[in-house]
Amino acid sequence: VQLQASGGGLVQDGGSLRLSCAASGRTFRNTNMGWFRQAPGKEREFIAAISWSGSSRYFLDSVKGRFTISRDNAKNTMYLQMNSLKPEDTAVYYCAASQHRMDVPTNYDQWGQGTQVTVSS
(Lines give C-alpha, C1' and ligand atoms only; values in the text may rest on other atoms or scores of the structure.)
Protein backbone atom coordinates (compact mmCIF):
# COMPACT_ATOMS: atom_id res chain seq x y z
CA VAL A 1 0.00 0.00 0.00
CA GLN A 2 1.22 3.49 -0.84
CA LEU A 3 0.44 6.28 1.60
CA GLN A 4 0.14 10.04 1.38
CA ALA A 5 -0.41 12.24 4.42
CA SER A 6 -1.93 15.70 4.25
CA GLY A 7 -3.67 18.30 6.38
CA GLY A 8 -0.80 19.75 8.33
CA GLY A 9 -0.37 23.45 8.87
CA LEU A 10 0.13 26.27 11.32
CA VAL A 11 -2.35 26.57 14.18
CA GLN A 12 -2.46 28.46 17.44
CA ASP A 13 -2.20 26.90 20.88
CA GLY A 14 -5.54 25.24 21.64
CA GLY A 15 -6.50 24.92 18.00
CA SER A 16 -7.43 21.90 15.94
CA LEU A 17 -6.28 20.15 12.79
CA ARG A 18 -7.34 17.02 10.97
CA LEU A 19 -4.73 14.98 9.20
CA SER A 20 -5.60 12.57 6.44
CA CYS A 21 -3.70 9.60 5.10
CA ALA A 22 -4.81 8.44 1.68
CA ALA A 23 -3.84 4.93 0.69
CA SER A 24 -3.67 3.25 -2.65
CA GLY A 25 -3.96 -0.46 -3.17
CA ARG A 26 -6.51 -3.12 -2.44
CA THR A 27 -5.02 -4.17 0.87
CA PHE A 28 -5.87 -1.03 2.87
CA ARG A 29 -8.99 -2.53 4.39
CA ASN A 30 -6.92 -5.41 5.77
CA THR A 31 -4.10 -3.24 7.07
CA ASN A 32 -3.50 -1.78 10.50
CA MET A 33 -2.63 1.89 10.36
CA GLY A 34 -0.73 4.26 12.59
CA TRP A 35 0.47 7.80 13.08
CA PHE A 36 3.95 8.79 14.14
CA ARG A 37 5.55 12.16 14.65
CA GLN A 38 9.05 13.51 14.84
CA ALA A 39 10.01 16.85 16.31
CA PRO A 40 13.35 18.51 15.51
CA GLY A 41 16.15 16.89 17.44
CA LYS A 42 13.89 14.18 18.85
CA GLU A 43 13.24 10.55 18.08
CA ARG A 44 10.20 9.49 16.12
CA GLU A 45 7.23 8.93 18.41
CA PHE A 46 4.36 6.44 17.93
CA ILE A 47 1.23 8.38 18.81
CA ALA A 48 -1.85 6.55 17.55
CA ALA A 49 -3.00 3.46 15.71
CA ILE A 50 -6.18 1.82 14.50
CA SER A 51 -6.81 -1.77 13.58
CA TRP A 52 -7.90 -2.78 10.10
CA SER A 53 -11.53 -3.07 11.24
CA GLY A 54 -11.49 0.07 13.34
CA SER A 55 -12.42 -1.90 16.42
CA SER A 56 -9.14 -1.32 18.27
CA ARG A 57 -7.21 1.88 18.86
CA TYR A 58 -4.01 2.91 20.54
CA PHE A 59 -2.98 6.34 21.79
CA LEU A 60 0.17 7.65 23.36
CA ASP A 61 -0.65 8.95 26.83
CA SER A 62 0.27 12.52 25.96
CA VAL A 63 -2.38 12.70 23.22
CA LYS A 64 -5.17 10.72 24.89
CA GLY A 65 -8.34 12.74 25.17
CA ARG A 66 -7.10 15.26 22.59
CA PHE A 67 -6.52 13.16 19.47
CA THR A 68 -8.88 10.70 17.83
CA ILE A 69 -8.11 8.26 15.05
CA SER A 70 -10.54 6.91 12.50
CA ARG A 71 -10.62 5.29 9.10
CA ASP A 72 -12.95 4.97 6.16
CA ASN A 73 -12.13 1.77 4.35
CA ALA A 74 -14.48 2.63 1.52
CA LYS A 75 -12.37 5.73 0.84
CA ASN A 76 -9.01 4.11 1.64
CA THR A 77 -8.34 6.92 4.07
CA MET A 78 -7.31 7.26 7.70
CA TYR A 79 -7.73 10.37 9.80
CA LEU A 80 -6.18 11.93 12.86
CA GLN A 81 -8.32 14.57 14.50
CA MET A 82 -6.15 16.71 16.74
CA ASN A 83 -7.83 19.02 19.24
CA SER A 84 -6.46 21.21 22.02
CA LEU A 85 -3.14 21.35 20.25
CA LYS A 86 -0.09 22.45 22.20
CA PRO A 87 3.26 23.83 21.08
CA GLU A 88 4.85 20.52 22.07
CA ASP A 89 2.73 18.81 19.40
CA THR A 90 4.80 20.59 16.76
CA ALA A 91 6.39 17.93 14.57
CA VAL A 92 6.34 16.26 11.21
CA TYR A 93 3.53 13.72 11.26
CA TYR A 94 3.76 10.47 9.32
CA CYS A 95 1.21 7.79 8.59
CA ALA A 96 2.27 4.19 8.32
CA ALA A 97 0.89 0.73 7.67
CA SER A 98 1.39 -2.64 9.28
CA GLN A 99 0.21 -6.17 8.53
CA HIS A 100 0.93 -7.23 12.09
CA ARG A 101 -0.05 -6.12 15.60
CA MET A 102 -1.06 -2.49 15.39
CA ASP A 103 0.25 -1.49 18.83
CA VAL A 104 3.84 -2.45 18.10
CA PRO A 105 5.63 0.48 16.42
CA THR A 106 8.37 -1.65 14.89
CA ASN A 107 5.70 -3.54 12.93
CA TYR A 108 5.12 -0.54 10.68
CA ASP A 109 7.00 -0.98 7.44
CA GLN A 110 5.18 1.18 4.92
CA TRP A 111 5.36 4.93 5.25
CA GLY A 112 3.90 8.03 3.76
CA GLN A 113 5.71 11.30 3.41
CA GLY A 114 5.33 13.57 6.41
CA THR A 115 3.12 16.58 6.89
CA GLN A 116 4.28 19.45 9.07
CA VAL A 117 2.20 20.51 12.05
CA THR A 118 3.25 23.70 13.80
CA VAL A 119 1.50 24.95 16.92
CA SER A 120 2.30 28.50 17.91
CA SER A 121 2.11 29.72 21.48
Side-chain angles (χ1 to χ4, degrees):
V1 61
Q2 292 183 319
L3 307 172
Q4 183 165 351
S6 62
L10 174 63
V11 64
Q12 290 187 332
D13 191 354
S16 297
L17 281 174
R18 188 176 81 156
L19 305 184
S20 298
C21 177
S24 61
R26 295 175 294 175
T27 61
F28 176 80
R29 63 186 62 197
N30 299 320
T31 301
N32 297 324
M33 298 293 296
W35 288 98
F36 293 72
R37 69 185 180 188
Q38 188 165 21
K42 295 188 176 181
E43 293 188 353
R44 188 169 57 195
E45 194 173 41
F46 180 44
I47 61 169
I50 187 167
S51 62
W52 63 271
S53 66
S55 62
S56 297
R57 290 169 171 81
Y58 160 84
F59 292 100
L60 183 68
D61 283 349
S62 61
V63 307
K64 280 181 182 176
R66 300 189 298 123
F67 292 9
T68 57
I69 189 170
S70 61
R71 65 190 295 162
D72 186 336
N73 285 346
K75 295 182 178 179
N76 277 15
T77 304
M78 173 182 64
Y79 305 97
L80 185 69
Q81 177 67 43
M82 305 186 295
N83 299 326
S84 303
L85 282 163
K86 306 175 182 180
E88 51 264 43
D89 294 317
T90 295
V92 177
Y93 284 69
Y94 300 89
C95 59
S98 169
Q99 296 293 332
H100 306 287
R101 277 188 59 171
M102 63 108 182
D103 58 343
V104 178
T106 53
N107 283 345
Y108 288 84
D109 56 4
Q110 293 172 289
W111 296 84
Q113 91 295 353
T115 184
Q116 176 72 46
V117 171
T118 303
V119 184
S120 62
S121 57

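Numbers here are sequence positions counted from 1. Scope of the values below: all heavy atoms of this structure, side chains included, with no hydrogens, waters or symmetry mates. Here the structure is a predicted model, which is why all the values come from computation and not from measurement.
In this structure, the side chains of L3 and M33 come closer than 4.5 Å at one or more pairs of heavy atoms. The closest side-chain heavy-atom distance from D13 to P87 is below 4.5 Å. The shortest side-chain heavy-atom distance between N32 and W52 falls under the 4.5 Å cut-off.
At most 12 non-hydrogen atoms from other residues, nucleotides or ligands lie less than 6.0 angstrom from CD of Q2. Residue Q116 qualifies as enclosed at atom CD: its count of foreign heavy atoms under 6.0 Å is above 12.
Of the possible polar contacts, none joining the R18 side chain to the Y79 backbone as a donor-acceptor pair under 3.5 Å is found. One N or O on the side chain of N107 and one on the backbone of R101 form a donor-acceptor pair closer than 3.5 Å. Between the side chain of R71 and the main chain of F28, a donor-acceptor pair closer than 3.5 Å is present.
In terms of hydrophobic clustering, with Ile, Leu, Val, Met, Phe, Trp and Tyr side chains grouped at heavy-atom distances under 4.5 Å, V1 and Y93 are assigned to a common cluster.
Between atom CZ of residue R29 and atom OG of residue S53 there is a gap of 13.0 Å, rounded to the nearest 0.5 Å.
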Does the pair L80 and I47 meet the rule for a side-chain contact (heavy atoms from CB on, under 4.5 Å), with working shown? CA-CA 10 Å; L80 185 69; I47 61 169; 3.9 Å; yes
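With a 6.0 Å cutoff to the six-membered ring centre and a 45° limit on the axis angle, R66 does not count as a cation-pi contact of F59.
The aromatic rings of F46 and Y108 are tilted relative to each other, their planes meeting at an angle between 30° and 60°.
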